[in-house]
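By convention in this document, chain letters (A, B, ...) are assigned in the order of the sequence lines, proteins followed by strands, and residues within each chain are numbered from 1. This structure is a prediction, so every number in the text was calculated from the model and none was measured.
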Protein chains: 2
Amino acid sequence: MEEKKYCYKYPHPAVTTDCVIFGFDGINLKLLLVERGIDPYKGCWAFPGGFLNMDETAEEGARRELEEETGLKTAYVEQLQTFTAVDRDPRERVITIAFYALVKISEVKGGDDASQARWFSLDESPSLAFDHELILRVALARLKEKIHFEPIGFELLPEVFTMTELQNLYEAILGVKFDRRNFYRKMTALEILEQVEPEKQRTSKRDPIPYRFNAERYAELKKKHFILEF
Amino acid sequence: MEEKKYCYKYPHPAVTTDCVIFGFDGINLKLLLVERGIDPYKGCWAFPGGFLNMDETAEEGARRELEEETGLKTAYVEQLQTFTAVDRDPRERVITIAFYALVKISEVKGGDDASQARWFSLDESPSLAFDHELILRVALARLKEKIHFEPIGFELLPEVFTMTELQNLYEAILGVKFDRRNFYRKMTALEILEQVEPEKQRTSKRDPIPYRFNAERYAELKKKHFILEF
DNA sequence: TTATCTTTGCGTCAAATTAACGCAATTGAT
DNA sequence: ATCAATTGCGTTAATTTGACGCAAAGATAA
């Protein structure tokens, strides 16, 4: 029998972290899921996650899981919510501190052979293990709220992007359509975008202006109690 | 020596819940704190909290703590964030799932003699135990965000209130001043308030109109994708 | 008592913001 | 060659916002 050497006067739940990883392919919002190789929920897909180490914070744990699946050491990671339903894991009492991450899909290392990770579009997402469907709903709701007031959309886009790509992202996240011209005007008015010097050819009236998110400018504006709102 | 009979193959952190309890006295936002009777932080003030039972969810745990200190079985309670700094408790690894509650001060049972609980105004709040100052900052930030888009202010007011009281509450939470007439117009336009029949005397042009939050009306509006915004 | 504040409800108006849609230049496709 | 689609930039009317006026009536203080 296995040795159980960590003992407490009162029962302690097990604590895990799970990380909902969002990406964007230019059209659709994507989710990085891993296939479970063991029971419970063997064969089901789930968010990357695992037990919390005693010497790391929950965010460190979530980032560790993120790096294991994507190779990314840095990314936008934010705590989502802690899920504590008594029977959410059939084995024992397990609570999970859920996070969500926004990554640039192109920077994610291509799934090596051994990786069981795969990107799914939201509408083709398989049924998920544990209470991960609930976690996903909460994550999507949070993402929608958040993008109204924080420039987090850029975390999902390449460094350089076009206004149309940016609009596609907002539409994908918020599930609405915007008028192209009004979107352009509103986004420009925020003054957090800068045009990238058209390296080779001059803007030939058809190919779109390449933009870049100006983080310094946003930091300045934020200091001055400017409120981003979209 | 005490018996330690709950044993695991891997170490488990201890899990607590803490509940930031907000009230409103008509002028200032208030906090319900309890004085710690034992070390660590003996004599310091802290949010009501305690260890999570194995057969309850975190929210049930938070509500249990809330009822112990206020006698309230029902109140607005929402999960805030989970705090996991490795050394936040000097005794052992403890993570806490923090909640915040909004209560009507008048409904809170007067602190019986045994109670070590006391209401504090925000600006007179004592130094707090553990990482509770951090938790408080996060709770205040959340409250500010939340009240912009959800009708949670009414949870802090009596059933019947005046427009001036409502404005005082918004000003206390958001830390800004509003023009009385514009506040009135904007709030009225939301159509989530109903006038309470002036029971005895007709509105004698000086005493204010008593209002009540119309939850049914708000639910209807919400269904129709109406967006509350203040 | 009387003159002076304060509080409350409701109104006005100009400035700012938003939503809807026009237009021309250019390019890729049929 | 014609046509549809894309991109950048304007225009206009409706809506919303911010700042402030005003009168009635109770409270306050000389």
In whole angstrom, give the distance that lies between atom [atom1] of [X] and atom [atom2] of [N].
{"X": "B/Phe183", "N": "C/dG9", "atom1": "CZ", "atom2": "P", "result": "12 Å"}
{"X": "B/Leu190", "N": "D/dT16", "atom1": "CG", "atom2": "P", "result": "12 Å"}
{"X": "B/Ile209", "N": "D/dA24", "atom1": "CD1", "atom2": "C1'", "result": "14 Å"}
{"X": "B/Phe178", "N": "C/dG9", "atom1": "CZ", "atom2": "C1'", "result": "19 Å"}
{"X": "A/Asn182", "N": "D/dT11", "atom1": "CG", "atom2": "P", "result": "15 Å"}
{"X": "B/Leu166", "N": "C/dT8", "atom1": "CG", "atom2": "P", "result": "13 Å"}
{"X": "A/Asn168", "N": "D/dT7", "atom1": "CG", "atom2": "C1'", "result": "14 Å"}
{"X": "B/Asp207", "N": "C/dT6", "atom1": "CG", "atom2": "P", "result": "20 Å"}

Listed partners of A/Arg142 passing salt bridge (Lys or Arg N to Asp or Glu O under 4.0 Å), at least two apart: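 In terms of salt bridge (Lys or Arg N to Asp or Glu O under 4.0 Å), with neighbours along the sequence ignored, A/Arg142 is linked to A/Glu78.
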
Parallel, tilted or perpendicular: ring planes of A/Phe149 versus B/Phe149, cut at 30 and 60 degrees: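 Correct class here is tilted.
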
Would you please classify the geometry between the A/Phe213 ring and the A/Tyr218 ring as parallel, tilted or perpendicular, with 30° and 60° separating the classes?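 The rings of A/Tyr218 and A/Phe213 sit tilted, inter-plane angle from 30° to 60°.
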
B/Thr162 vs C/dT8: side-chain N/O to OP1/OP2 distance below 4.0 Å: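 No, B/Thr162 has no side-chain N/O under 4.0 Å of OP1/OP2 on C/dT8.
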
Establish, with yes or no, whether the OP1 or OP2 oxygen of D/dT6 is under 4.0 angstrom from a side-chain nitrogen or oxygen of A/Thr164.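 No.
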
Evaluation steps, ring-ring contact (aromatic ring centres under 6.0 Å, His included), between B/Phe178 and B/Tyr184: CA-CA 10 Å; B/Phe178 295 104; B/Tyr184 170 88; over 10 Å; no

Do A/Lys186 and A/Phe230 meet the cation-pi criteria used here (NZ or CZ under 6.0 Å from the six-membered ring centre, within 45° of the axis)?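 The answer is yes, since A/Lys186 meets both limits relative to A/Phe230.
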
Closest approach to the side chain of [X], judged atom by atom: which nucleotide of [options] is it?
{"X": "B/Arg181", "options": "C/dT6, C/dC10, C/dA19", "value": "C/dC10"}
{"X": "A/Tyr184", "options": "C/dA20, D/dG8, C/dG9", "value": "D/dG8"}
{"X": "B/Arg206", "options": "C/dT6, D/dG8, D/dT7", "value": "C/dT6"}
{"X": "B/Met163", "options": "C/dG9, D/dG26, D/dC20", "value": "C/dG9"}

Both A/Pro208 and B/Lys186 contact DNA chain D. Taking the nearest nucleotide for each, which residue is further toward the 5' end?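 Closer to the 5' end of DNA chain D: A/Pro208.
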
Does a side chain donor of either A/Thr16 or A/Thr96 reach within less than 3.5 Å of an acceptor in the other side chain?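 Yes.
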
If we count only N and O atoms by modelled type, under 3.5 Å, do the side chains of B/Thr84 and A/Thr57 hold a donor and an acceptor together?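 The answer is no; no qualifying pair exists.
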
Describe, as an angle rounded to 10 degrees, how the axis at the first end of the helix from C/dT1-D/dA30 to C/dT30-D/dA1 is tilted relative to the axis at the last end, five pairs per end.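 The angle separating the two end axes equals 10°.
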
hbond_proxy B/Arg185 side chain to C/dG11 base (donor-acceptor, 3.5 Å cutoff):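 Answer is no: no donor-acceptor pair is held.
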
